[in-house]
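Data first, discussion second: the structure below is written as structure tokens.
Small disclaimer: the values here were computed from a predicted structure and weren't measured.
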Amino acid sequence: MFKTEICELLNIEYPIIQGGMAWVATAELAAAVSNAGGLGIIGAGNAPADFVRNEIKKVKKLTDKPFGVNIMLLSPFVEDVIKAVYEERVPVITTGAGNPGKYVSMFKEIGTKVIPVVPSVALAKKMEKEGVDAVIAEGTESGGHVGELTTIALVPQVVDAVNIPVIAAGGIADGRGFVSALALGAKGVQMGTIFVCAEECTAHNNYKQAIIKAGDRGTVVTGRITGHPVRIIKNKLAREFDKLESSGGTAEDYEKLGVGRLRSAVVDGDADYGSVMAGQISGMVNEIKPAKKIIEDMVIEAQAVMNLLKNI
Ligand code: TUI
């Protein structure tokens with residue numbers, strides 16, 4: 001059950017992809033998700049190419065299953081990271097925060113699957129023309145850098161607009177969300193926040209606990225003025241961003257306040273003044289469990305949901 005064309009395309013058991021979260025999605029998490037039958041992803045974020053290459057080598061030691069690297073296109077090291085990922089023959093790349101068009105043909109030549117995250121129909125169509133293998137339609141419910149549209153509005157519109165498989169992301173954390181995404185026409189799901197709370201995730205425990213403590217209204221989008229709005233857990237930093245907005249702060253003031261904050265949250269565990277990026281489903285994440293159990297529980301619940309729906 002739940003075998004879709006994404007499973008065939010990526011050579012994985014379940015059409016479940018782990019979000020490539022900067023600093024959070026290290027080799028340990030990626031390997032655990034891949035070993036559990038999903039697609040684990042290393043988040044390159046703003047890291048230098050050597051760091052990313054090292055994480056790739058670690059994953060290769062920890063699993064013989066397919067895995068991917070997420071390339072954050074705003075990274076100052078993007079060209080070198082692309083080169084490292086190419087040289088390491090990584091099976092799949094996902095991209096965020098931009099248009100990966102100019103890299104598609106080089107990766108196609110070596111059989112690396114390219115799957116950009118898109119926040120709109122226009123970008124999905126453009127990406128299809130560039131020859132990508134699938135797109136991830138990510139709604140504004142997700143954590144980190146977000147677009148405007150919700151998953152429930154975005155996914156079916158992207159599905160109708162392109163002929164390549166669509167993966168849904170944003171606001172998905174359990175079997176109900178998984179089945180809903182399939183009902184919208186998606187062929188798979190990508191989840192980030194719930195995998196932060198995987199046992200194998202190396203993020204600081206304070207980061208995980210901030211997600212576990214958060215309720216349904218526990219996140220907020222900050223920094224719209226910068227052109228790169230980011231959803232984070234409401235904390236002291238979020239209040240500082242709020243103050244900046246009401247006092248007419250400039251985009252530069254925002255960038256300054258935000259510098260290094262993701263690292264301090266993930267690595268140092270500063271849940272007060274760090275940038276604790278997390279999605280709206282944080283209120284549904286209540287425990288830390290192994291990646292394998294996250295995936296198994298989700299698939300079992302999805303099967304139950306399908307049975308329930310039959311009787312409606
Ligand atoms: O990329 C993400 N999520 C992220 S990246 C990130 S690191 C960061 N930190 C501060 C500011 C900005 C980034 C944290 N979370 N998700 C995928 C995603 N991509 N969401 C939205 C987009 C996107 C936005 C615009 C993709 C393409 C795009 O196109 C612009 C263009 O060039 O056409």
Side-chain angles (χ1 to χ4, degrees), residues 4-12 15-22 25-27 29-31 33-34 38-60 63-120 122-138 145 158 161-169 186-190 192:
T4 70
E5 58 201 274
I6 286 295
C7 298
E8 261 168 64
L9 178 72
L10 305 178
N11 196 20
I12 54 178
I16 297 173
I17 298 172
Q18 165 240 314
M21 302 159 282
T26 57
L29 178 61
V33 172
S34 287
L39 186 79
I41 306 262
I42 297 164
N46 279 323
D50 282 353
F51 179 89
V52 178
R53 195 189 290 273
N54 196 37
E55 291 299 300
I56 294 169
K57 289 188 191 298
K58 270 199 247 172
V59 172
K60 285 177 178 172
T63 185
D64 51 9
K65 300 270 172 63
F67 67 96
V69 173
N70 175 266
I71 296 169
M72 212 280 281
L73 294 164
L74 291 172
S75 165
F77 304 113
V78 64
E79 296 297 335
D80 290 342
V81 169
I82 292 275
K83 190 163 168 273
V85 168
Y86 179 89
E87 285 170 3
E88 293 292 331
R89 299 289 193 267
V90 171
V92 183
I93 65 162
T94 61
T95 64
N99 179 345
K102 64 178 174 179
Y103 308 114
V104 174
S105 62
M106 64 182 270
F107 282 114
K108 270 196 109 67
E109 270 171 29
I110 59 166
T112 292
K113 305 288 185 261
V114 180
I115 311 183
V117 173
V118 295
S120 67
L123 195 60
K125 283 168 123 172
K126 208 166 165 183
M127 290 296 96
E128 182 180 36
K129 278 205 192 110
E130 301 271 8
V132 303
D133 296 278
V135 290
I136 300 167
E138 187 182 272
H145 180 35
V158 172
V162 298
N163 290 310
I164 48 177
V166 177
I167 294 157
K187 299 289 189 244
V189 291
Q190 177 185 273

Report task. Report the distance from atom OG1 of Thr4 to atom CG of Leu10, rounding to the nearest 0.5 Å. Result -> 8.5 Å
Query raised in the report: In chain order, what residues pass the salt bridge (charged side-chain N to carboxylate O under 4.0 Å, His left out) check against Glu87, with sequence neighbours excluded?
Result: Arg53, Lys83
Requested in this report: Give a yes or no answer on whether the side chain of Thr63 reaches the backbone of Ala31 with a donor-acceptor pair at less than 3.5 Å.
Outcome: no
Query - Positive for side-chain contact (heavy atoms from CB on, under 4.5 Å) with Ile115, one of Val135, Asn70, Ile167, Ile41 - result: Ile167
Report summary line: Here the gap from Thr112 atom OG1 to Ile110 atom CD1, rounded to the nearest 0.5 Å, amounts to 3.5 Å
Query raised in the report: Taking side chain as C-beta onward, heavy atoms only, is Pro48 less than 4.5 Å from Asp80?
Result: no
Query raised in the report: Any side-chain heavy atom of Asn99 sitting closer than 4.5 Å to one from Leu73?
Result: no
Requested in this report: Please say whether more than 12 non-hydrogen atoms of neighbouring residues, nucleotides or ligands are located less than 6.0 Å from NZ in Lys60.
Outcome: yes
Query raised in the report: Shortest non-hydrogen contact from Ala161 to Lys125?
Result: O-CG, 4.0 Å
Query raised in the report: Could you state the interatomic distance from NZ (Lys187) to CD (Glu8), rounded to the nearest 0.5 Å?
Result: 11.5 Å
Query raised in the report: Below 4.0 angstrom, N of the basic side chain to O of the carboxylate: do Lys58 and Glu55 qualify?
Result: yes
Report summary line: Minimal heavy-atom distance between Val117 and Leu123, with the atoms involved, is O-CD2, 4.4 Å
Query - Separation between CE of Met72 and OG1 of Thr94, rounded to the nearest 0.5 Å - result: 12.0 Å
Requested in this report: Return yes if some donor-acceptor pair links the side-chain N/O of Asp133 with the main-chain N/O of Val114 below 3.5 Å, else return no.
Outcome: yes
Requested in this report: Quick one: closest heavy-atom pair of Met127 and Pro100, and the distance?
Outcome: SD-CD, 3.4 Å
Query raised in the report: How close do Asn46 and Ser75 get, heavy atom to heavy atom, and via which atoms?
Result: OD1-CA, 3.3 Å
**Report entry** Note: Glu79-Lys102 ion pair, threshold 4.0 Å (strictly below)
**Finding:** yes
Query raised in the report: Could you give the distance from CD1 (Ile93) to CD1 (Ile42), rounded to the nearest 0.5 Å?
Result: 12.5 Å
Requested in this report: Keeping the roles fixed (side chain from Lys108, backbone from Gly131), state whether a donor-acceptor pair exists under 3.5 Å.
Outcome: yes
Query raised in the report: Do the non-hydrogen side-chain atoms of Pro165 and Ile6 ever get within less than 4.5 Å of each other?
Result: yes
**Report entry** Over all atoms of both residues, closest heavy-atom pair of Glu130 and Val104
**Finding:** O-CG1, 3.2 Å
Query raised in the report: Taking the side chain as C-beta and beyond, is there a heavy-atom pair between Phe107 and Val90 under 4.5 Å?
Result: no
Query raised in the report: Given the rule in the side chain to side chain contact (heavy atoms under 4.5 Å, CB included) test, do Ile56 and Phe67 qualify, once you have shown the distances and angles that lead to the verdict?
Result: CA-CA 9 Å; Ile56 294 169; Phe67 67 96; 3.9 Å; yes
Query - For Ala47 against Val81, the heavy-atom pair lying closest together - result: O-CG2, 3.7 Å
